[in-house]
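If you read the sequence from its start, that first residue is 1, and numbering goes on from there. Note that this is a predicted model, so its numbers are computed, not measured.
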Amino acid sequence: MNSETPLPPLTLATDSRIPVRATAGATTADYDHYFRIVRHAPDLTSWTCGVLRLQAAVLADLPHTGLDDSQRAAVLTGLLHASHATLAAWLPSSVPGSAPDGSGAGHPAPGNGEPAGGRAAGDGPGDALRRWKLGHQLFHLLLTTMNSTLDDTLAAVGAARWTSVRHGLERLRTLYNAATAAMAYASNFPASAYANDVRPTMEPPFAAPGFSGTLNQEHRVMTERTHALRAALGDLSPLASPLAAIRHEMALLRAAQRRNRKAHAAICERCVPDGASLLRQHTTRQRSGRATCE
């Protein structure tokens, strides 16, 4: 070696240890891949085909669940709202009655994602894993319909179309109830089946570490738009004539949201009694790995 050649620097860690290999956590793309959700440019035809496939799969499986009549009715009502919104999206805005509230106002397509209702390879008929994934696809379908409904309702607030606002809040409450029932449907199997057949498929090596429902893109959009709607309604003048009815619908919607959170907590408690989510376990392991090197 030429003595005039500069010696390359040696990179060392600040803690004077060999660095610990960083493990990449799960992303929204990992979440979508697991639940067989495909995203692409908006296309109403592919969306409609996805809705029909998903509805057919849920309708075929629903009689084999342990859901009670009210839960089944909530699932079916949610599917009906999704179908209505999809049919309305095909019609020109000038067609009377094309909107969910019958006003004839135009509405955009429910969303970009195409729920793939077809059976995943390796998922047998009626088994826990298939129902888990199918139920989450149903949940995403309902969330996507909610997001379009939120957009429509926010637009109605801006245009002071109070009847449309009230109807939008009613639809959101119904869809929230349907989403709560969809969670019950997705987890309608013994807790032992979750522990032995479902949960392991969301862990390495089958999925990236830290797999979590927080990666649900539709839910993030719904939460943001719901906050925007609450803010918009909170700014309404007390002189708005239908304000009492709108506040009543908002109270009913908040009650549906509370039932949803309570139902989700109950499912988590039943399936994961120790409360250790995959994301929490991953975070704990990362902290432990760092502590070992200190």
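- Interatomic distance, OG1 of T28 versus NE2 of H33, reported as 14.5 Å (0.5 Å rounding).
- Considering all non-hydrogen atoms of both residues, L138 and A182 come closest at CD2-CB, 3.8 Å.
- The minimum heavy-atom distance between N147 and E218, with the atom names listed, is ND2-O, 3.3 Å.
- Of the inter-residue distances, the one linking L134 atom CG with F139 atom CZ reads 14.0 Å to the nearest 0.5 angstrom.
- Rounding to the nearest 0.5 angstrom, the gap separating the CG atom in N188 from the OG1 atom in T65 is 5.0 Å.
- At a cut-off of 3.5 Å, with distance as the only test, no side-chain donor of D151 or S148 sits close to an acceptor on the other residue.
- For Y34, the ring pair (Phe, Tyr, Trp, His ring centres under 6.0 Å) partners two or more places apart in sequence, or in a different chain, are F211.
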Open item on the list: Run the side-chain contact (heavy atoms from CB on, under 4.5 Å) test on C271 and R199 for me, step by step, so that the C-alpha distance in whole Å, both residues' side-chain angles and the decisive distance to 0.1 Å come before the verdict.
Closed with: CA-CA 9 Å; C271 293; R199 187 179 173 97; over 6 Å; no

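- Salt bridge status for R220 with E224: absent, with no side-chain N to carboxylate O gap under 4.0 Å.
- Contact of the L141 side chain with the L79 side chain is registered, since non-hydrogen atoms from C-beta on lie closer than 4.5 Å.
- The structure places CD of Q217 at 11.0 Å from CG of L143, a figure rounded to the nearest 0.5 Å.
- Looking at D197, its side chain never comes within 3.5 Å of a backbone N or O of A128 through a donor-acceptor pair.
- For the pair R171 (side chain) and R166 (backbone), a donor-acceptor distance under 3.5 Å is absent.
- Considering every non-hydrogen atom in both A178 and G78, the closest pair reads CB-CA, 3.6 Å.
- Y185 approaches V58 most closely through the heavy-atom pair OH-CA, 4.2 Å.
- Aromatic ring centroids of Y31 and H140 lie under 6.0 Å apart.
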Open item on the list: Between T223 and H219, is the side-chain contact (heavy atoms from CB on, under 4.5 Å) condition met? List the steps.
Closed with: CA-CA 6 Å; T223 301; H219 191 272; 3.5 Å; yes

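- Note that CG of L150 and OG1 of T226 are 4.5 Å apart. Values are rounded to the nearest 0.5 Å.
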Please list every donor-acceptor pair under 3.5 Å in which a side-chain atom of residues 248-261 meets a protein atom from a residue at least two apart or in another chain.
from, atom 1, to, atom 2, distance (Å)
E249, OE1, R173, NH2, 3.2
Q257, OE1, R230, NH2, 2.5
R259, NH2, N177, OD1, 3.1
N260, ND2, T180, OG1, 3.0

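- Of the candidates Q71, H264, H136, M183 forms a side chain to side chain contact (heavy atoms under 4.5 Å, CB included) with just one, namely H264.
- In terms of modelled atom types and a separation under 3.5 Å, the side chain of T149 and the main chain of G168 share no donor-acceptor contact.
- Atoms OH and CG, from Y176 and L142 in turn, are 12.0 Å apart once rounded to the nearest 0.5 Å.
- Shown here are the salt bridge (charged side-chain N to carboxylate O under 4.0 Å, His left out) partners of D32, two or more places apart in sequence or in another chain: R39.
- In the hydrophobic clustering of ILVMFWY residues, with side-chain heavy atoms under 4.5 Å counting as a link, W162 and L243 come out together.
- Between S187 and R270, the shortest heavy-atom contact is O-NH2, 2.6 Å.
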Open item on the list: Checking L233 against L169 for the side-chain contact (heavy atoms from CB on, under 4.5 Å) test, could you report, in this order, the C-alpha distance in whole Å, the side-chain angles of both residues, the deciding distance, and whether it holds?
Closed with: CA-CA 11 Å; L233 292 176; L169 292 172; 4.3 Å; yes

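- With no hydrogens or angles considered, no side-chain donor-acceptor pair links T201 and W132 at under 3.5 Å.
- Of all heavy-atom pairs spanning L154 and L229, the tightest one is CD2-CA, 3.6 Å.
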